[in-house]
Amino acid sequence: MEEVKKEMPKASPSGTVKKLRATAEASAYQKQWFQGLKARVEAGEDFAYLNADVPMEVLAAMDIPFVVNQWWAAICGAKRMTKKYFGLLRDAGYRDDLCSYCATALAESLDPDDHAYDEEGKPLGPWGGLPDPTIAITRLTCDCQGKIFELFAKNHGADYYAIENTQARTFPLNWWDYATYDWEKLYDKDRLDAAVEELKELIRYLEMKTGKMFDINRLQKVMDNINRQETWYGKIRDLIAECDKAPVTVVDTINAVMPAQWQRGSEWAADHAERLYYEIKELADKGEAAVPNEKYRLMWLGRGLWHDFAFYQNFEKKYGAAFVWSMYLAMGADAYRRYNVEADPLRALAARYIGMEDFLHMTPWNAQWYLQQARQNGIDGVVYMVPENCMQAVEGSFFIKKTLEDAGIPVLAFNADPVDARKWNRDTMTGLVEEFIENRVMKKEK
Amino acid sequence: MSIRKCALQDPSFTKLYEVYKDRDAAARAVKTAGGKVLAKLGSDVPDELVLAAGLFPVQVYADPAKKLVYTDQILEFAFDPVVRKQFEKLVDGTYKELADFLAVSNSTDVLIRVFLYLREILRSMPEQPVPPTTFIDMLFTRNRMHQERNELIFSLFRKQLEDWTGRTITDEDIKAAAAVCNANRAALRRIGELRHGEEVRINGTEALVIIGSGFFMDKKEHTALVEKIADAAANWPVITGKRVFLTGSNQEDLTVYSMIEEAGGVVIAEDHDWGDRSYERDFNMDYPVIRAIVDRYMLRSYSSKKAVVSQRIEALDAEVAAAKADAVIFYTNIYEDSASWDYPGQKKSLDAKGIPNACFAKMQYPAKANEGLAEKIAQFIKG
């Protein structure tokens, strides 16, 4: 990878103020990385399209280029392509009101202009469009997931590969105390065994498909890099929690963390996490607050609001309310690290990827973690976006709300869509959150 | 034409119809007599093991009239209306009173969520009257690895039943129960032949009663009555009309079928779990018992929930051809969305074969809540 062009922090077209150099760097890196990926695909390399909960570490270790579905859906959402794409789905006979997060790339695959340019030579597809994958891999974490990925694969002429999903029978409530070192104790043994078998099958398939050998030592290196990267995220999360006034908000952290999270396992991602930490620490050491008048700390639950990031900053000046917590940073800190890898890197990886669905979408694990995180971060109120058309994201919102509110932390839960701007009314949502801050958060004295 | 006079005059059919209408009566009688009842949620809880454990299996069903006192608080919008009505009965004490145990199979992802919620209610809200609950986490992707995993999963279910009942379930117990189940399926296949053949002697509404009553009564008794109906129905009047295949949501009541058949169609087959799919594929007596259960429940025809689009296109084409259907109706309840991804490809394939089809998606539940539905169905049938 060539040296990344330096970009300075700036306001995005949507009005979001991005504060960090690391955010700009990540933004520049991922564009450059994507162009490099396209060049590799054009040169004939296999290219995989993965759902976020697929163990991408295997592909990283095998140096198979890949793009993650959720990252790409976020890019498409941020580029305001959703309306066009879901119109294409509708024209093809599909419903346009389903699975917006997972079906964005399928919809894009119907776009004849995805790789075309306008009269001024600007690409019509996001970042010039998605190259044709040769492999599409998902986990069967909902009934629609396999169907969407199979259709997507067919449209691109790619192989479709599915990894099964299993349910936990045992579930120690404080999973975060086990996940990093004692992960073997976190899962039913047979479940972890089965996940390792899934990995072996996947590896064999990828070896046959690409002609590349999977080398366990390279996986260990990938795992080590990830531990390094996620450890920095843990330090950042703890630092923000400890500061009197947060040096950064979710607008900074999500945009800095997520591009690197999808590159996890690489040296760049681990180094970037380190740089991010020191940049935020420098702000903290200087006493710089992201919201100088910070009075209330808010937690954002749910997927990122990719089409309207500026929304998060709407409540800073008026109320001193700062969104300081989202899962995107904290998941890396608590859910992704796996030490004691040397004995069996595949088993350690299995212990990471099967947990992703559990930690986020399985009650009571998600609710208990949110409570622990709310306490650590001194959260005054929780704003919780419950996706309205997605069974995969159905995660026991009742139990999450109850757990937090029983502990005295007010919760505003509302239905919205993370990528579909058609279903979003910023004024209505702003009103809802303002009412919540005024009536629930401000009345609950710190 | 819904249920015809010839059926209503048949004492065996009448008996099944009574069971179909009063679905809890047999379970209540079992409880009164000191027996134990296991409620099943999902279509992949194996009767072979439940019966072998000496338990009386009943299917969890929705009560359209039930107010959703707990459900509207606990479940998100994305749960479909039938599951919502089922869930209310699972948390309001209905099944705590009727059943001793509950087994949930992951026949659809929705039921995985339902199980997780019930488990959390049992853990954190113990005052809520939910019966002891277990989950059958079988896998549906067809390969060696998952077939092997499913052996473990059904063995765990066997162990759970042993723990609950305090008795050992032997292989012989399972084979004996499997023989009862196979006999029941064989009897139902005779009913199927009277629907799918050149001459249709049993309509879809009648078939729903015959099949569905078996979810709530003693299986041997059900088999005997079904056999008698099959004997009698061979002489029931031949039904003419457009032969309709119905694909999509489970039909727990007769409303949609009645609409189709009142309009002059006849539902000669379907692929949901309250119809033909429920008696597909036998327990193979030549296999080791757990492997035979895996074989039976894993390798039935592809369900709309647990198969990819190409498999569903192939399955529907094959089933429509086997039933010699003239037309296909797609019918899915609101929020029961996964089949929506299959639909365009299935439609394209049917269109290519010249098979007329109509789609009724995002339907309200109960079906009668859909304004103008009967008229739209009639328009299609007569068109």
Side-chain angles (χ1 to χ4, degrees), chain A residues 89 92-95 97-99 103 106 140-151 153-154 160 162-169 171 173 188 190-191 193-194 197-198 200-201 361-365 367 386-399 401-403 406 413 415, chain B residues 70 72-80 106-110 112-117 119-121 123-125 134-141 143-146 148-149 152-153 156 303-312 335-345 347-348 359 361-362:
Chain A
L89 269 185
Y94 296 98
R95 280 173 53 185
D97 57 348
L98 295 177
C99 308
L106 167 63
L140 301 178
T141 48
C142 84
D143 293 343
C144 298
Q145 194 64 223
K147 294 176 191 286
I148 293 169
F149 263 71
E150 194 210 27
L151 289 169
K154 191 178 168 197
Y160 161 70
I163 299 173
E164 271 285 5
N165 184 43
T166 57
Q167 301 305 315
R169 298 194 300 280
F171 47 98
L173 296 185
D188 309 293
D190 61 89
R191 190 170 176 237
D193 293 344
E197 289 306 306
E198 286 274 11
K200 288 179 179 172
E201 295 268 334
H361 295 144
M362 185 183 80
T363 185
W365 270 4
V386 184
E388 59 183 9
N389 65 351
C390 178
M391 182 50 65
Q392 189 182 43
V394 159
E395 57 195 3
S397 55
F398 167 81
F399 300 103
K401 192 166 184 281
K402 183 174 184 301
T403 301
D406 285 354
N415 291 86
Chain B
Y70 299 105
D72 281 346
Q73 293 178 56
I74 298 173
L75 298 192
E76 289 90 346
F77 284 122
F79 287 84
D80 71 70
N106 67 341
S107 311
T108 155
D109 188 52
V110 180
I112 297 175
R113 265 62 180 182
V114 167
F115 166 71
L116 295 176
Y117 288 17
R119 185 172 73 179
E120 183 58 6
I121 289 170
R123 188 192 73 82
S124 65
M125 302 159 69
T134 195
F135 183 61
I136 301 172
D137 191 18
M138 68 177 291
L139 303 175
F140 292 86
T141 309
N143 61 39
R144 174 207 59 80
M145 182 171 53
H146 300 139
E148 199 175 296
R149 168 90 183 155
L152 171 76
I153 295 303
L156 289 171
S303 85
S304 62
K305 309 288 169 45
K306 293 291 181 183
V308 291
V309 174
S310 60
Q311 292 166 333
R312 286 293 301 147
Y335 295 122
E336 203 178 338
D337 296 325
S338 61
S340 303
W341 293 109
D342 302 328
Y343 168 69
K347 176 177 170 50
K348 191 175 169 189
C359 180
K362 297 168 81 169

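First the proteins, then the strands, lettered A, B, ... as listed; each starts at 1.
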Q: Below 4.5 Å, heavy atoms only, C-beta onward: do A/E197 and B/R149 meet side chain to side chain?
A: no
Q: Determine the minimum heavy-atom distance between A/F398 and B/I74, stating which atoms define it.
A: CB-O, 3.5 Å
Q: Taking atom SG of A/C99 and atom CG of B/D337, what is their separation to the nearest 0.5 Å?
A: 6.5 Å
Q: Would you name the heavy atoms of A/K147 and B/S338 that are closest together and state the gap between them?
A: CD-O, 3.3 Å
Q: Under a 4.5 Å cutoff for heavy-atom pairs, which residue among A/M362, A/R95, A/K402, A/H361 has the most contacts with chain B?
A: A/R95
Q: Where on B/L75 is there a heavy atom nearer than 4.5 Å to chain A: the side chain, the backbone, both, or neither?
A: neither
Q: Measuring centre to centre across the rings, with the benzene-like ring taken for any Trp, is B/Y117 within less than 6.0 Å of A/F399?
A: yes
Q: Compare all side-chain heavy atoms of A/Y160 with those of B/S310 and state whether any distance is below 4.5 angstrom.
A: no
Q: Just checking, is any N or O donor in the side chain of A/E201 or B/H146 under 3.5 Å from an acceptor N or O on the other one?
A: no
Q: Looking at chain B, which one of A/G396, A/A194, A/G93, A/A92 has the largest number of heavy-atom pairs inside 4.5 Å, strictly under?
A: A/G396
Q: Is it the case that the side chain of B/R113 and the backbone of A/V394 share a donor-acceptor pair, with hydrogens and angles ignored and the cut-off at 3.5 Å?
A: yes
Q: Given that the side chain runs from C-beta out, which part of B/F135 has a heavy atom under 4.5 Å from chain A: side chain, backbone, both or neither?
A: side chain
Q: Could you tell me which non-hydrogen atom of B/S340 sits nearest to which non-hydrogen atom of A/Y94, and how far apart they are?
A: O-CD2, 4.4 Å
Q: Can you tell which part of A/N165 gets under 4.5 Å to a heavy atom of chain B, answering side chain, backbone, both or neither?
A: backbone
Q: Quick check on the interface: out of B/Q73, B/M138, B/K362, B/M125, who has the most heavy-atom pairs with chain A under 4.5 Å?
A: B/K362
Q: Just give me the residue among A/D190, A/D143, A/T166 that pairs up with chain B most often, heavy atom to heavy atom, under 4.5 Å.
A: A/D143
Q: Does any backbone or side-chain atom of B/K306 lie under 4.5 Å from a heavy atom of chain A? Answer side chain, backbone, both or neither.
A: side chain
Q: What's the separation between atom CZ in B/F140 and atom CD in A/E164, rounded to the nearest 0.5 Å?
A: 8.5 Å
Q: Got A/K154 and B/V309 here, is their nearest side-chain heavy-atom distance under 4.5 Å?
A: no
Q: Checking heavy atoms, do the side chain of A/F149, its backbone, both or neither come under 4.5 Å from chain B?
A: neither
Q: Before giving the answer on side chain to side chain contact (heavy atoms under 4.5 Å, CB included), spell out for B/W341 and A/Q145 the whole-Å C-alpha distance, their side-chain angles and the decisive distance to 0.1 Å.
A: CA-CA 10 Å; B/W341 293 109; A/Q145 194 64 223; over 6 Å; no
Q: Would you name the heavy atoms of B/D137 and A/Q167 that are closest together and state the gap between them?
A: OD2-N, 2.7 Å
Q: How many angstroms lie between atom OG1 of B/T141 and atom CD1 of A/I163, to the nearest 0.5 angstrom?
A: 10.5 Å
Q: Please determine whether salt bridge (charged side-chain N to carboxylate O under 4.0 Å, His left out) holds for the pair B/R312 and A/E150, giving the CA-CA distance in whole Å, both sets of side-chain angles, and the decisive distance to 0.1 Å.
A: CA-CA 12 Å; B/R312 286 293 301 147; A/E150 194 210 27; over 6 Å; no
Q: For A/L173, is it the side chain, the backbone, both or neither that has a heavy atom under 4.5 Å from a heavy atom of chain B?
A: side chain
Q: Between the side chain of B/E76 and the main-chain N/O of A/S397, is any donor-acceptor distance below 3.5 Å?
A: yes
Q: Between B/L139 and chain A, which part of the residue has a heavy atom less than 4.5 Å away: side chain, backbone, both or neither?
A: both
Q: In terms of heavy-atom proximity below 4.5 Å to chain B, should A/T403 be classed as side chain, backbone, both, or neither?
A: neither
